[in-house]
Asker: 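Take a look at this one; I'll ask things after.
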Protein chains: 2
Amino acid sequence: MIGRLNHVAIVVPDLDAAVKQYRDVLGADVSSPLDLPDHGVTTVFVNLPNTKIELLLPFGENSPIAKFLENNPSGGMHHVCYEVDDILVARDKLIAEGARVLGNGEPKTGAHGKPVLFLHPKDFSGTLVEIEQV
Amino acid sequence: MIGRLNHVAIVVPDLDAAVKQYRDVLGADVSSPLDLPDHGVTTVFVNLPNTKIELLLPFGENSPIAKFLENNPSGGMHHVCYEVDDILVARDKLIAEGARVLGNGEPKTGAHGKPVLFLHPKDFSGTLVEIEQV
């Protein structure tokens with residue numbers, strides 16, 4: 001069912017520092033920061049030949065990643081995102097297999113403008129999984 | 001400098017359960033388990049179209065991931081691995097840029113039989129980074 005790994009999201013405490021780590025130290029292609037007030041994050045993409053790393057900094061009040069950063073003040077890997085062809089078909093199969101979909105079970109528009117859902121980390125060996133319809 | 005994302009490594013407390021999560025629930029192509037006594041892990045690969053997820057279970061005494069599992073009993077994302085063309089050139093550039101290479105600085109043979117090095121998570125926003133010469 002799942003297809004490509006769309007991205008790995010890493011929450012960072014300092015976006016400028018993270019950009020330097022990926023652009024200058026690791027020598028990767030790094031995008032400009034983009035504020036996404038509706039999602040409560042500022043994003044920077046690290047464009048690798050086969051996938052992306054998404055660097056995330058909390059934006060504004062009530063950012064969904066603020067708590068993660070409190071618990072992980074140095075930052076850390078936050079979630080992996082897998083691509084699916086049809087998010088409703090994927091959701092129904094996941095629920096039928098016993099996986100828990102976070103929120104109200106209806107896809108939301110993710111940071112890339114595509115329908116997304118998040119799955120409970122306890123059902124995936126402690127890893128927060130996002131699925132995105134591409 | 002870095003190229004493809006070679007894999008994302010996820011430490012799991014129960015490999016059979018993790019295989020079911022990835023093969024049966026997420027519908028991915030999953031390899032058979034492989035014990036790597038020299039590395040202190042048992043691995044299962046989730047083969048995605050563009051990269052791999054590496055599921056890791058501690059193997060034997062003194063597994064290098066035993067402590068991680070103690071701290072994260074549900075499991076969790078452990079490291080990301082980026083490909084490089086020449087690991088010694090990469091290492092020297094990383095050190096010149098101020099990044100800390102773990103261990104004695106000499107590449108070891110990784111779980112895939114290729115030369116690898118690990119970089120200090122504090123220098124990469126809380127993320128353990130492996131580089132692998134491919």
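The sequence lines fix the lettering, A, B, ..., with proteins before strands; numbering per chain opens at 1.
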Asker: Around A:D92, counting heavy atoms of other residues, nucleotides and ligands shown, do more than 12 lie under 6.0 Å from its CG?
Answerer: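 More than 12 within 6.0 Å, yes.
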
Asker: In terms of heavy-atom pairs under 4.5 Å, which option from A:I131, A:D123, A:N72, A:D29 contacts chain B the most?
Answerer: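 Most heavy-atom pairs under 4.5 Å with chain B: A:D123.
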
Asker: With chain B as the partner, which of A:G27, A:G75, A:G98 has the greatest number of non-hydrogen pairs under 4.5 Å?
Answerer: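 Most heavy-atom pairs within the cutoff with chain B belong to A:G75.
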
Asker: Check each atom of B:V25 against the heavy atoms of chain A and say whether the ones under 4.5 Å are side chain, backbone, both or neither.
Answerer: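 Backbone plus side chain of B:V25, per the 4.5 Å heavy-atom cut-off to chain A.
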
Asker: What about B:F124 and B:I95, same hydrophobic cluster or not, with Ile/Leu/Val/Met/Phe/Trp/Tyr joined at side-chain heavy-atom distances under 4.5 Å?
Answerer: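 As far as the 4.5 Å side-chain criterion goes, B:I95 and B:F124 are connected within one cluster.
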
Asker: Answer whether the closest heavy-atom distance between the side chains of B:V80 and A:M77 falls below 4.5 Å.
Answerer: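 When only atoms from C-beta onward are counted, A:M77 and B:V80 do touch, with a gap below 4.5 Å.
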
Asker: Can you tell if the side chain of A:Y82 reaches within under 4.5 Å of the side chain of B:I53, non-hydrogen atoms only?
Answerer: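 A side-chain contact under 4.5 Å exists here.
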
Asker: Where is the tightest heavy-atom contact between B:I10 and A:S125, given as atom of each residue plus distance?
Answerer: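 Heavy atoms of B:I10 and A:S125 come nearest at CG2-O, 4.2 Å.
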
Asker: Taking the side chain as every heavy atom from C-beta outward, state whether A:T127 and B:V12 have any atom pair closer than 4.5 Å.
Answerer: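 A:T127 vs B:V12: side chains apart.
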
Asker: Under 3.5 Å, side chain of B:N50 to main-chain N/O of A:R4, donor-acceptor pair present?
Answerer: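 No.
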
Asker: For the hydrophobic clusters of this structure (ILVMFWY residues joined by side-chain heavy atoms under 4.5 Å, transitively), does one cluster hold both B:M1 and A:V19?
Answerer: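 Yes, it is one cluster - the side chains of B:M1 and A:V19 are joined through contacts under 4.5 Å.
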
Asker: For residues A:V129 and A:F118: do they belong to one hydrophobic cluster (side chain heavy atoms under 4.5 Å, members Ile, Leu, Val, Met, Phe, Trp, Tyr)?
Answerer: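 No; tracing contacts between hydrophobic side chains, which count when under 4.5 Å, never links both residues.
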
Asker: I need the A:E97 CD to B:D24 CG distance, nearest 0.5 Å.
Answerer: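 Interatomic distance, A:E97 CD to B:D24 CG, rounded to 0.5 Å: 6.5 Å.
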
Asker: For residues B:I2 and B:V101: do they belong to one hydrophobic cluster (side chain heavy atoms under 4.5 Å, members Ile, Leu, Val, Met, Phe, Trp, Tyr)?
Answerer: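 Both belong to a single hydrophobic cluster.
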
Asker: Where does A:L26 contact chain B at under 4.5 Å (heavy atoms): side chain, backbone, both or neither?
Answerer: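 Both backbone and side chain of A:L26 come within 4.5 Å of chain B.
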
Asker: If hydrophobic clusters are built from ILVMFWY residues whose side chains come within less than 4.5 Å, do A:L57 and A:L34 share one?
Answerer: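 Different clusters.
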
Asker: Under 4.5 Å from any heavy atom of chain A, what part of B:V46 do you find: side chain, backbone, both or neither?
Answerer: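 Answer is neither: B:V46 stays 4.5 Å or more from chain A.
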
Asker: Got a sec: does the CG of B:N71 have more than 12 other heavy atoms crowding it under 6.0 Å?
Answerer: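 Result for CG/B:N71: enclosed.
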
Asker: At a heavy-atom separation under 4.5 Å, does B:L119 approach chain A through its side chain, its backbone, both, or neither?
Answerer: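 For B:L119, side-chain heavy atoms alone lie under 4.5 Å from chain A.
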
Asker: Quick one: which of B:L5, B:V11, B:T51 has the most heavy-atom pairs under 4.5 Å with chain A, could you say?
Answerer: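 Result: the option with the highest number of such pairs is B:L5.
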
Asker: Counting heavy-atom pairs under 4.5 Å with chain A, which one of B:K122, B:Q21, B:E83, B:K20 comes out on top?
Answerer: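 Sorted descending by pairs with chain A, the first entry is B:Q21.
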
Asker: Crowded around A:D35 CG? As in, over 12 foreign heavy atoms under 6.0 Å?
Answerer: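 Enclosed.
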
